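What you see is a predicted model, and the numbers here were worked out from it, not measured in a lab. We use all heavy atoms of the structure for the numbers below, so side chains are in, but hydrogens, waters and symmetry mates are not. All chains are named by letter (A, B, ...) in the order of the sequence lines, taking the proteins before the strands, and each is independently numbered beginning at 1.
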Amino acid sequence: MRKGIEQRITSLLKDTITPKQLTQVHAFYIKTCSSSHSHKHNRFLQAKLLATLVSLPTSIDLHYARSLFHSFPLPDTFIWNTMIRAYLYAHNPQQSLTLYFQMLLHHHHHVSVDSFSLSLVFQACARLLDWENGTKIHTHVFKLGFSPDLFVQTALIEMYAKCGHLDCARKVLDSMEEPDLVSYNVLLVEYIRFGEIKMAHQLFNKMPHRDLVSWNTMIHGYASLGDVEQRQQSNEALKLFHEMQVANVVPDRVTMSSVLSACASLGALGMGKMIHEYIERNGIGVDMKLGTSLLDTYAKCGDIDNALRMFEQLNHKDVFTWSVMIMGLANHGFGEQALLCFSKMITEGIKPNDVTFLGLLSACSHSGLVDKGWVCFKSMSRVYGISPKIQHYGCMVDILGRAGLLEEARELIRTMPFEPDAIVWRALLGACKIHKNADLAQEATLNLLELEPHVDGNYVLLSNIYSQAKKWDRVVMLRRSMKCSNIQKVPGSSSIEVDNAVYEFVSGDKSHPKSLEIYEMLEEVLDRIQCAGYKPLTTSTVQDFDEQEKQNALSTHSEKLAIAYGLLTTAPGSPIRIFKNLRVCEDCHLSIKFISKVYKRKIIVRDRNRFHHFDGGSCSCRDYW
DNA sequence: CTAGGGTTAG
């Protein structure tokens with residue numbers, strides 16, 4: 001074949017990005033081969049064809065790759081490696097491994113494994129979580145007398161780490177003479193994936209340099225982890241974002257996405273808005289993922305209007321985007337809108353997944369849509385081929401229970417194809433509380449305490465049920481057993497963001513510097529709403545206090561303090577947003593309705609379960625919560 | 001050739 005044609009095909013391959021283009025080049029190659037110039041195949045060009053096929057941005061046509069591979073009578077190391085890569089990229093790491101072992105058998109054909117083969121096969125082991133083969137091949141590295149290669153070692157770190165052998169991974173890293181950023185970052189990512197945030201942070205501090213990926217990994221770690229100490233972790237994410245800027249590392253959309261999820265879990269709307277402005281000011285392009293983050297942040301910070309605006313602005317939406325919107329509407333109590341959103345999603349040809357249905361069922365639950373809940377639940381498997389998980393059954397139990405269909409809820413628990421978990425029993429127990437069914441409550445309690453004997457919230461819920469029924473002896477017994485098992489009650493707290501700083505109040509809190517003013521304000525508030533007809537709902541207190549004591553305990557609940565502070569510090573007529581760690585109590589719910597009317601304020605409360613929008617004396621939950 | 005981001009019930 002003439003040199004000119006070889007060069008022409010090489011340059012054609014360079015510009016090949018679609019499978020169709022590739023077949024065209026291939027056809028051209030075959031034509032020139034069979035033409036008069038040469039009948040011999042060109043090994044170099046064929047290898048290049050295969051390599052191009054494997055590196056196309058689209059998914060790999062394995063049939064095609066295999067036929068190319070088999071056209072070589074004696075594939076060399078490069079060609080073997082390319083085929084191993086083909087399987088790896090085509091999500092078939094098992095075949096990569098098989099091919100690697102076949103390659104070893106071709107030793108007599110002078111085909112030898114090189115550092116590319118090794119790094120690829122370790123990646124395959126990492127994806128398969130195949131520690132056994134991984135370690136076995138690790139010994140090959142020594143046997144073959146390889147000088148330690150950066151890529152091989154990095155792949156080894158990933159293999160050990162992904163298989164859960166974080167200490168082995170660390171040993172490989174520590175043994176490296178000059179680990180590069182990727183070697184560090186790989187381990188950082190795996191530490192985070194295993195929830196080892198402390199180890200990650202130590203490594204992060206130890207690194208000689210940190211690049212964008214290192215920072216992003218750490219920020220994401222703090223923003224996404226932390227069921228425990230959620231608040232601290234989210235604040236740590238924001239702190240790191242600040243440090244990153246001090247270190248002159250320019251953030252990108254990945255950074256923004258993580259920082260936003262920290263804002264979302266803090267409920268920090270002001271901070272979220274600042275980040276949004278930062279994104280716009282710095283020309284960071286909003287792609288689908290970042291857009292979904294923004295949407296989710298607005299929804300979780302109580303600003304459903306901006307969430308909807310964001311949703312409208314996004315040109316491309318996938319199942320995540322739609323699910324986030326549906327869940328947002330659900331949490332704000334807009335059940336019908338959530339269902340409408342779902343219909344639109346279907347019309348636009350987006351396939352729902354199991355999370356989408358959690359949003360829908362949650363919407364039905366928050367809005368008391370029993371029939372529609374059943375329709376959704378049944379359509380899951382019948383129409384969309386998604387089999388309901390225990391979470392979906394949990395939602396259905398909640399929907400039925402809240403609506404007072406306690407027997408139906410109990411029957412569903414009995415017939416569902418899962419062992420009921422604590423969450424299911426708690427949903428039933430909560431329903432028993434609303435609808436005052438002592439017998440069923442007894443059954444749910446026994447099951448719940450067997451599964452979760454150490455969760456404070458369960459005792460609080462039970463205690464509320466007993467005091468509602470005025471069974472004070474039971475309440476006392478419960479408190480005693482809590483004390484015996486050393487179960488601490490998580491105190492209720494409410495926070496409010498003023499001038500981008502978050503203040504947190506607990507019941508009877510006097511720690512705020514403006515405490516005196518806050519309590520004066522609270523007194524005025526209570527006076528004014530009482531004039532408007534508010535009467536304290538003392539039945540929801542746990543203790544067998546006298547009436548005045550009960551009222552006093554209620555009047556300084558954390559949400560009331562936070563609202564008093566909000567009234568003091570924000571402009572008249574502007575909305576007040578409160579974030580509570582537990583569910584809002586009935587008396588607070590009632591009084592906030594009055595406050596919204598008397599002070600002409602929109603008050604948005606995010607409690608443990610959902611949002612309450614108070615306006616003009618009523619709440620968006622229509623007292624169904 | 002290896003590294004980083006978005007949804008998950010009550």
Side-chain angles (χ1 to χ4, degrees), chain A residues 51 54-55 81-82 84-85 88-89 115-120 122-123 126 149-159 180-190 192 211-221 223-224 251-261 264 287-297 299-300 318-328 330-331 352-366 388-399 401-402 421-431 457 461 583 607-610 625:
Chain A
V54 171
S55 60
N81 288 348
T82 308
I84 292 176
R85 195 193 333 274
L88 188 67
Y89 288 3
S115 59
F116 282 76
S117 340
L118 285 165
S119 80
L120 287 165
F122 286 135
Q123 286 178 61
D149 173 276
L150 194 59
F151 283 82
V152 174
Q153 284 171 310
T154 304
L156 263 171
I157 292 174
E158 195 179 13
M159 184 276 291
D180 71 347
L181 270 165
V182 179
S183 346
Y184 280 106
N185 287 344
V186 165
L187 190 54
L188 217 51
V189 169
E190 295 307 322
I192 299 287
D211 69 351
L212 183 60
V213 175
S214 333
W215 284 100
N216 285 351
T217 303
M218 282 312 295
I219 294 174
H220 168 246
S224 66
D252 65 356
R253 65 187 76 161
V254 179
T255 326
M256 292 301 131
S257 196
S258 297
V259 172
L260 281 169
S261 55
D287 63 358
M288 198 158 57
K289 285 185 178 179
L290 186 51
T292 307
S293 277
L294 278 163
L295 162 60
D296 189 42
T297 306
K300 288 197 173 131
D318 67 356
V319 61
F320 278 72
T321 322
W322 286 94
S323 302
V324 168
M325 192 69 251
I326 290 169
M327 189 62 85
N331 286 333
N353 63 18
D354 57 330
V355 180
T356 319
F357 281 97
L358 284 182
L360 280 173
L361 292 173
S362 164
C364 294
S365 154
H366 291 320
K389 295 183 177 174
I390 191 161
Q391 287 102 315
H392 301 99
Y393 280 95
C395 282
M396 271 320 290
V397 169
D398 188 54
I399 291 175
R402 269 175 210 273
D421 60 6
I423 296 163
V424 167
W425 290 119
R426 195 159 38 236
L428 188 67
L429 189 58
L461 179 57
R583 289 184 62 179
D607 79 2
R608 203 187 177 90
N609 284 356
R610 58 167 294 157
W625 92 96

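- The interatomic distance linking A/Lys289 (NZ) with B/dG6 (C1') rounds to 7 Å, in whole Å.
- Atoms CE (A/Met327) and C1' (B/dT7) sit 7 Å apart, rounded to a whole Å.
- Side chain A/Ser224 to base B/dG5: no donor-acceptor pair is found below 3.5 Å.
- Not a single donor-acceptor contact under 3.5 angstrom links the side-chain atoms of A/Asp252 to the base of B/dG5.
- The side chain of A/Arg426 approaches B/dG10 more closely than any other nucleotide in the set B/dG5, B/dA3, B/dG10.
- A/Ser293 comes within 4.0 angstrom of the backbone, heavy atoms only, and of no base.
- Among the atoms of the strands shown, base atoms are found under 4.0 Å from some heavy atom of A/Thr154.
- Rounded to whole Å, atom C1' of B/dC1 lies 5 Å from atom CZ of A/Arg85.
- Looking at the side chain of A/Arg402, the nearest of the listed nucleotides B/dA3, B/dG5, B/dG10 is B/dG10.
- In this structure, A/Arg85 contributes its side chain and A/Val54 its backbone to no donor-acceptor pair below 3.5 Å.
- In this structure, CD on A/Gln391 lies 7.5 Å from CD1 on A/Ile423, to the nearest 0.5 angstrom.
- Whole-Å rounding puts the A/His366 NE2 to B/dG10 C1' distance at 8 Å.
- Counting non-hydrogen atoms under 4.0 angstrom, A/Phe357 reaches nothing in the nucleic acid.
- For A/Asp398, taking side-chain heavy atoms from C-beta onward, the closest of the listed nucleotides B/dT8, B/dC1, B/dG10 is B/dG10.
- When distances run from any side-chain atom of A/Val324 to the nucleotides B/dG5, B/dT7, B/dC1, the shortest one goes to B/dT7.
- Distance from the side chain of A/His220 is smallest to B/dG5 among B/dG5, B/dT2, B/dA9.
- Heavy atoms of A/Leu188 sit nowhere under 4.0 angstrom from any nucleic acid atom.
- The separation between A/Arg608 atom CZ and B/dT8 atom P is 15 Å, rounded to whole Å.
- Residue A/Asp287 is in base contact, counting any heavy-atom pair closer than 4.0 Å across all strands shown.
- For A/Asn609, taking side-chain heavy atoms from C-beta onward, the closest of the listed nucleotides B/dT7, B/dG5, B/dG10 is B/dG10.
- Within 4.0 Å (heavy atoms only), A/Met256 reaches no atom of the nucleic acid at all.
- In this structure, of B/dG5, B/dA9, B/dT7, it is B/dT7 that holds the atom nearest to the side chain of A/Ser323.
- Among the heavy atoms of the strands lying under 4.0 Å from A/Leu290 is at least one base atom, whether or not backbone atoms are also near.
- Contact of the A/Ser115 side chain with the A/Phe151 side chain is not registered, since no non-hydrogen atoms from C-beta on lie closer than 4.5 Å.
- Here the side chain of A/Val355 is nearest to one of B/dT8, B/dG10, B/dT2, namely B/dT8.
- Contact between the side-chain N/O atoms of A/Ser362 and the OP1/OP2 oxygens of B/dT8 is not found at any separation under 4.0 Å.
- The backbone N or O of A/Trp625 lies less than 3.5 Å from a partner atom in the side chain of A/Arg583, making a donor-acceptor pair.
- Using a 4.0 Å cut-off, some side-chain N or O of A/Ser365 falls inside it from OP1 or OP2 of B/dG10.
- Rounded to whole Å, atom P of B/dT8 lies 18 Å from atom CH2 of A/Trp322.
- Out of B/dA9, B/dT7, B/dG10, the shortest distance to the side chain of A/Cys395 is found at B/dA9.
- Atom CD1 of A/Ile399 and atom C1' of B/dA9 are 10 Å apart (whole Å).
- Atom-to-atom distance recorded for A/Leu290:CG and A/Arg253:CZ is 7.5 Å, nearest 0.5 angstrom.
- Base engagement by A/Leu212 is indicated by at least one non-hydrogen atom pair under 4.0 Å involving a base atom.
- The shortest distance between the side-chain N/O atoms of A/Lys300 and the OP1/OP2 oxygens of B/dG6 is not below 4.0 Å.
- In this structure, A/Asp421 reaches the bases: a heavy-atom distance under 4.0 Å links it to at least one base atom across the strands shown.
- Rounded to whole Å, atom C1' of B/dA9 lies 12 Å from atom CE of A/Met396.
- Of the candidates B/dG5, B/dC1, B/dA9, the closest approach to any side-chain atom of A/Phe116 belongs to B/dC1.
- With values rounded to the nearest 0.5 angstrom, A/Ile157 atom CD1 is found 11.5 Å from A/Leu188 atom CG.
- Contacts of A/Asp354 with the nucleic acid, taken as non-hydrogen atoms under 4.0 Å apart, are absent.
- Looking only at distances, a side-chain donor or acceptor of A/His392 sits under 3.5 Å from a matching main-chain atom of A/Asp354.
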